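The chains referred to below are lettered A, B, ... by the order of the sequence lines, with proteins before strands, and numbering in each begins at 1. Quick caveat: nothing in here was measured; it's all calculated off a predicted structure.
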Amino acid sequence: MEYNHKDIEKRWQQYWKENNTYKTEVDKNRPKYYVLDMFPYPSGAGLHVGHPLGYIASDIFSRYKRLQGFNVLHPMGYDAYGLPAEQYAIQTGQHPEVTTMQNIARYREQLDKIGFCYDWSREIKTCEPSYYKWTQWAFTRMFKSYFNTKLNKACPISELEEYFAANGSKEVPAHGTEELVFTADEWNAYSQKEKNEILMNYRIAYLGNTMVNWCPKLGTVLANDEVSEGVSLRGGYPVEQKLMYQWCLRVSAYAGRLLNDLDTIEWSDSIKETQRNWIGYSEGAEMLFPVEGKDFQLKIFTTRADTIFGVTFMVLAPESEYVNQLVTAEQKETVEAYLDEVKHKTERERMIEKKVSGVFTGSYAINPITGKNIPVYISDYVLAGYGTGAIMAVPAHDSRDYAFAKHFGLDIVPLIEGCDVSEESFDAKEGIVTNSSNERLQLNGLTVKEAIAKTKIYIKEAGIGKVKVNYRLRDAIFSRQRYWGEPFPVYYDENNQPQVLNDDELPLLLPEVDKFLPTETGEPPLGRANNWVAKNGRPLELNTMPGFAGSSAYYLRYMDPKNENALVSLETNEYWRSVDLYVGGTEHATGHLIYSRFWNKFLYDYGFVCEPEPFKKLINQGMIQGRSNFVYRIKDTNTFVSYNLKKDYDVTPIHVDVNIVSNDVLDIEKFKAWRPEFNNAEFILEDGKYVCGYAVEKMSKSMFNVVNPDDIVEVYGADTLRLYEMFLGPIEQSKPWDTNGIDGVNRFLKRLWGLFFKGEEMVIKEEKASQEALKSLHKLIKKVTFDIEHFSYNTSVSAFMICVNELNAMKCVSKEIYDDLVVLLAPFAPHIAEELWHSLGHETSVCDAKWPVCNEEYLVEASVNYAISFNGKARFNIAVPNGTSKEEVEKMALAHESSAKWMEGKTPKKVIVVPNKIVNIVI
RNA sequence: GCCCGGAUGGUGGAAUGGUAGACACGAAGGACUUAAAAUCCUUUGGCUAUUGCAGCUGUGCGGGUUCAAGUCCCGCUCCGGGUACCA
């Protein structure tokens, strides 16, 4: 009987389905383990061979944990809302739901072929009303909350109203967009409309005027993590800055907790570091600079309070609210021209140019320490969104200020002993401070660090500033001017103020529209819906939520996917708690993985969930890149020359479909059939073969390097695909897909099969295993257990190969050995394992077997090989009976006949004996 | 610019400070076969010797610590990823 993967895989996939093998229920008698994959966006292109990499890794771990007796939750679903489906809908008129569901069906079909142990009864699609009800529900809770800075958590907004009624805005312990000032009496006299407007400044989900990344081509705003280098991540269209009234989530309030709690989770250092940078903690000082002849002060933020004596000018962001107050009559025209110019530059243009530009406001500020007058400029190198949108410029010690000062001929005053600022600024935070003392403050002679500390104390005491922590992390912009997303559960009341729907009105269903485009008046697509009003007849919000809304709490819903009364019941959440192992790509480091943590923390604040962090351990699988192949056409001919001969010709490389190339050798007949124009192509061969060139590129249709997992499954089987993807290299490493080694893994499975079957006959017998076979097996148990725990699957596969070769060589047919071997293999290659398991006479699924435990006794050797080295250089080996003492080993090594030769008659100075390893003799 | 990774044969990659190159691919040679495929066996870092055992050298470069360094420390080079007028 030959190893027939098609037969085997079909049969056992059917068996698992019929027996509900992977169905999971809460079971308080067993310890739980929650393994999760980042759910995919079902794109039209289907899965390529890179997608399953992480899924296979998590599947192995899930199966392993289950065999160890854990109750494993391992679900899968789809991140179904997204731009591509909508773009496709705009082009074709096809409803995004239709294409999304088709894509999901395709994904499911592909996933099923690989033999994953997902509990599909828990499947989630983010576009289903029963799911997005809870996305909307969470939003309404955020709307009804503010962030209490004293308790460092979200609290009901009603508490804030009570506070205002009693105290006004004085020392309000709430995270607000702006600092508002009013008394209790004023608050109590405000109309409801005015009160609402004030509360909006504090809500966790709030409407605010914010600078947004506006993508005109996509017709929507984008979050910071959806933009890279001035273009949209999806589609690569230019993005510009625009002030818009948008829904936002007060993620920035959680910056401190998001930062600190990174220390409590097991993520890779690199991804934690990426998040730390994105959150961008910086401790500094906020300082007030009086403005000459005006009754107000400029507030700035700096981390270099020590450089106050070197401030020779100040700069405002073009969008800063100070601009209007500081521009003098004679400068008005120049400033307006500049602001206009800046506004029309996109982020991308600003970045590419990097040219110094700016204008003088006409006003002067007063340095609060030196009392000197300093000019105030406007320039686009200062960002409105960070700090206070205004800076004190210290050209001697900041390269950007330096460039600006040089350009406008402003003073540069060095403040560090011995630094040279004639060519460039001295940015390092080190050295001894000079030029920095007067009757108010003396910093000369101090180190930079000391000077910063002293200045902070001074400005606090003098009442000209305070110590302040700033975060780079911005609030998340939560509105999208799109159709294919969750509708906001929001209507606008008679004052045109937003109100959230009651829980019993959720979910608010996504309405039908005639076209998926903005309305003629420029409203988002929902403006086209008929009768888009709440029960009370008031108009509903026209924006929809962004992609990350649905993916922020999906891991909670898997725990209790059918619950109609809660996102997840408290009891169920108490059992499953949080994700123990999360597997996915690094590309979500600053998006989904921040938003999810934020969302979870918000729910945690109200006790809706019991864990403060959603994902305990995170493994990032690397990307699988494409490996493209090229043929080389001699210019102006239809003749193709083989790779190593191309240097003699003038050739054009042409991408060729990797599916008609094998081990870089072109299948000439298939090539001719591939494209009509190659029908009568001619070839210059080497050694009778046409060898192709290759390059590592992104896997994409246009490079003809997409490898479909279905094709691999068809030819080699799912088990080979699974083993091979793991064998390719460390899971976290990116690597090109290269089919050149898949035969080796396939051969291994055939060899394994050959151990069980000779011809039609099953040869495994109930007989006692030899010591030799037991040793081989237990070596494997130890290695594979260790490797799985450390996600080192590639070395596990190697270990299987070695073990099978050893068993083959010793002609082992003992069932005792193969029972355990099959269980060990089950996580990696479940189909063949299940087949062999049943062949061994077991009635139940191998998924319910017990993971074997290594018995160290079998591994003990009768004798141990010591490498004898001289001055660190290994020379020969000796065998020593196991358990020999260090001293005895030393004696035996020195007494060995070969030792005399290497010691050259000298007496050893020192002998080091490393147990079971090495004897090093120093001469 | 800053932050984080990485560099080991023709290739993918192994190696708790302890005999570098496991395992696999590819290649070469051989067996079986009329032949091919499949399968099996041998060799396979480099250099020298291979009519002998063997010897030397070797983990991007330059130093250091150590009895012993691919591994630890210092200084570079190159490659990959993230991020950026963040004051």
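- Checked against B/A22, B/A84, B/A87, the side chain of A/Trp278 finds its nearest nucleotide in B/A84.
- In this structure B/C53 sits in the syn conformation; its chi angle is within 90° of 0.
- Between A/Thr590 and A/Ser798, the one whose closest nucleotide on RNA chain B sits nearer the 5' end is A/Ser798.
- Checked against B/C23, B/C86, B/G18, the side chain of A/Tyr386 finds its nearest nucleotide in B/C86.
- Remark: B/U39 base-pairs with B/A31; criterion is Watson-Crick or G-U wobble with both hydrogen-bond distances under 3.5 Å.
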Check: Checking salt bridge (charged side-chain N to carboxylate O under 4.0 Å, His left out) for the pair A/Lys779/A/Glu806: CA distance, chi angles, key distance, verdict?
Finding: CA-CA 11 Å; A/Lys779 236 169 42 188; A/Glu806 283 172 359; 3.3 Å; yes
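- Comparing A/Lys735 and A/Asn865, the nucleotide of RNA chain B nearest to each residue sits closer to the 5' end for A/Lys735.
- A cation-pi arrangement is absent between A/Arg627 and A/Trp737 under the rule of less than 6.0 angstrom and at most 45 degrees off the ring axis.
- Annotation: B/G13 and B/G82 have their C1' atoms spaced 25 Å apart (nearest Å).
- Across the P atoms, B/G12 and B/A69 are found 27 Å apart, a figure rounded to whole Å.
- Going from atom CD1 of A/Ile912 over to atom C1' of B/U19 covers 16 Å, rounded to whole Å.
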Do any N or O atoms of the protein come closer than 3.5 Å to N or O atoms of nucleotides 24-26 of chain B, and which pairs are they?
from  : atom 1 : to       : atom 2 : distance (Å)
B/C25 : OP1    : A/Arg747 : NH1    : 2.7
B/C25 : O2'    : A/Asn740 : O      : 2.4

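- Phosphate proximity of B/A14 to A/Asn794: present, with a side-chain N or O under 4.0 Å from OP1 or OP2.
- Classified by interplanar angle (parallel below 30°, tilted 30° to 60°, perpendicular above 60°), the ring pair A/Tyr793/A/Phe828 is perpendicular.
- The CG atom of A/Asn871 sits 11 Å away from the P atom of B/A69 (whole-angstrom rounding).
- For the P atoms, the distance from B/C67 to B/G55 is 26 Å, rounded to whole Å.
- In a base pair of the Watson-Crick type (N1 to N3 plus N6-O4 or O6-N4) or a G-U wobble (N1-O2 and O6-N3), with each distance short of 3.5 Å, B/G75 is matched with B/C61.
- Between A/Phe727 and A/Tyr724, the ring planes are tilted. Angles from 30° to 60° get that label.
- Residue A/Gln733 places none of its side-chain N or O atoms closer than 4.0 Å to OP1 or OP2 of B/G6.
- Atom CD1 of A/Ile921 and atom C1' of B/U66 are 18 Å apart (whole Å).
- Atom-to-atom, CD of A/Glu319 to P of B/C85 comes out at 13 Å; the value is rounded to the nearest Å.
- Atom CD of A/Glu732 sits about 5.0 Å away from atom CD1 of A/Ile619, to the nearest 0.5 Å.
- Across all strands shown, nothing is found opposite B/U16 as a Watson-Crick or G-U wobble partner with both distances under 3.5 Å.
- Counting non-hydrogen atoms under 4.0 angstrom, A/Pro730 reaches the backbone sugars and phosphates but no base.
- Defined by atom type and a distance below 3.5 Å, a donor-acceptor pair is missing between the side-chain atoms of A/Tyr402 and A/Asp427.
- Across B/U57, B/A87, B/U19, the shortest atom-to-atom separation from the side chain of A/Leu383 is found for B/A87.
- Between the CZ atom of A/Phe786 and the P atom of B/A14 there is a distance of 14 Å, given to the nearest Å.
- Taking the six-membered ring where the residue is Trp, A/His397 and A/Phe426 present perpendicular rings, their angle passing 60° and hence far from 30°.
- A/Asp398 and A/Ser425 share no side-chain donor-acceptor pair at under 3.5 Å.
- A close approach under 4.0 Å does not occur between any side-chain nitrogen or oxygen of A/Arg627 and OP1 or OP2 of B/G12.
- If you take atom P in B/G60 and the same atom in B/G70, they sit 10 Å apart, rounded to whole Å.
- The residue A/Arg875 sits close only to the backbone: its heavy atoms come under 4.0 Å of sugar-phosphate atoms, none of a base.
- Contacts of A/Asn877 with the nucleic acid, taken as non-hydrogen atoms under 4.0 Å apart, include base atoms.
- A side-chain contact (heavy atoms from CB on, under 4.5 Å) with A/Met801 is found for one member of A/Leu752, A/Val745, A/Leu723 and no other, namely A/Val745.
- Minimum atom distance to the side chain of A/Arg472 is reached by B/A84, of the listed B/C3, B/U16, B/A84.
- In this structure B/U11 sits in a base pair with B/A24, meeting the Watson-Crick or G-U test at under 3.5 Å.
- In this structure, B/A54 forms a base pair with B/U48, meeting either the Watson-Crick or the G-U wobble geometry with both donor-acceptor distances under 3.5 Å.
- Looking at heavy-atom distances under 4.0 Å, A/Asp738 makes no contact with the nucleic acid at all.
- B/G1 and B/U83 make up a base pair, with Watson-Crick or G-U wobble contacts both under 3.5 Å.
- Residue A/Ile391 contributes atom CD1, which lies 11 Å from atom P of B/A87 at whole-angstrom precision.
- Contact annotation: A/Lys910 reaches the phosphate of B/C67 (side-chain N/O to OP1 or OP2, under 4.0 Å).
- In this structure, B/U66 makes no Watson-Crick or G-U wobble pair, since no nucleotide meets both defining distances under 3.5 angstrom.
- Ion pairing between A/Glu725 and A/Lys735 fails under the 4.0 Å rule for side-chain N and carboxylate O.
- Rounded to a whole angstrom, the distance from the C1' atom of B/G9 to that of B/A15 is 15 Å.
- Nucleotide B/G80 is shown with an anti base, its glycosidic torsion being more than 90° from 0.
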Item checked: Residue pair A/Lys782, A/Asp787: steps toward the salt bridge (charged side-chain N to carboxylate O under 4.0 Å, His left out) verdict -> CA-CA 9 Å; A/Lys782 191 176 178 181; A/Asp787 282 351; over 6 Å; no
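- A donor and an acceptor atom, one from each side chain of A/Tyr386 and A/Ser282, are located under 3.5 Å apart.
- Here the P atom of nucleotide B/G6 and the CG atom of A/Asp269 are 11 Å apart, to the nearest Å.
- The listed nucleotides are B/C67, B/C3, B/C85; the one nearest the side chain of A/Val922 is B/C67.
- Each of B/A84, B/G18, B/C23 was ranked by its minimum atom distance to the side chain of A/Ile802; first place goes to B/C23.
- Nucleotides B/U59 and B/G6, compared at atom C1', are 14 Å apart to the nearest Å.
- In this structure, of B/A84, B/G82, B/A87, it is B/G82 that holds the atom nearest to the side chain of A/Thr274.
- Atom-to-atom, CD of A/Gln625 to C1' of B/G81 comes out at 11 Å; the value is rounded to the nearest Å.
- Here A/Trp902 lies in heavy-atom contact (under 4.0 Å) with sugar-phosphate atoms only.
- Of the candidate nucleotides B/U83, B/A14, B/C4, B/C4 has the atom nearest to the side chain of A/Glu273.
- Only the P atoms considered, B/U16 is 13 Å distant from B/G21, to the nearest whole Å.
- Using P as the reference atom, B/A24 and B/A14 are 15 Å apart when rounded to the nearest Å.
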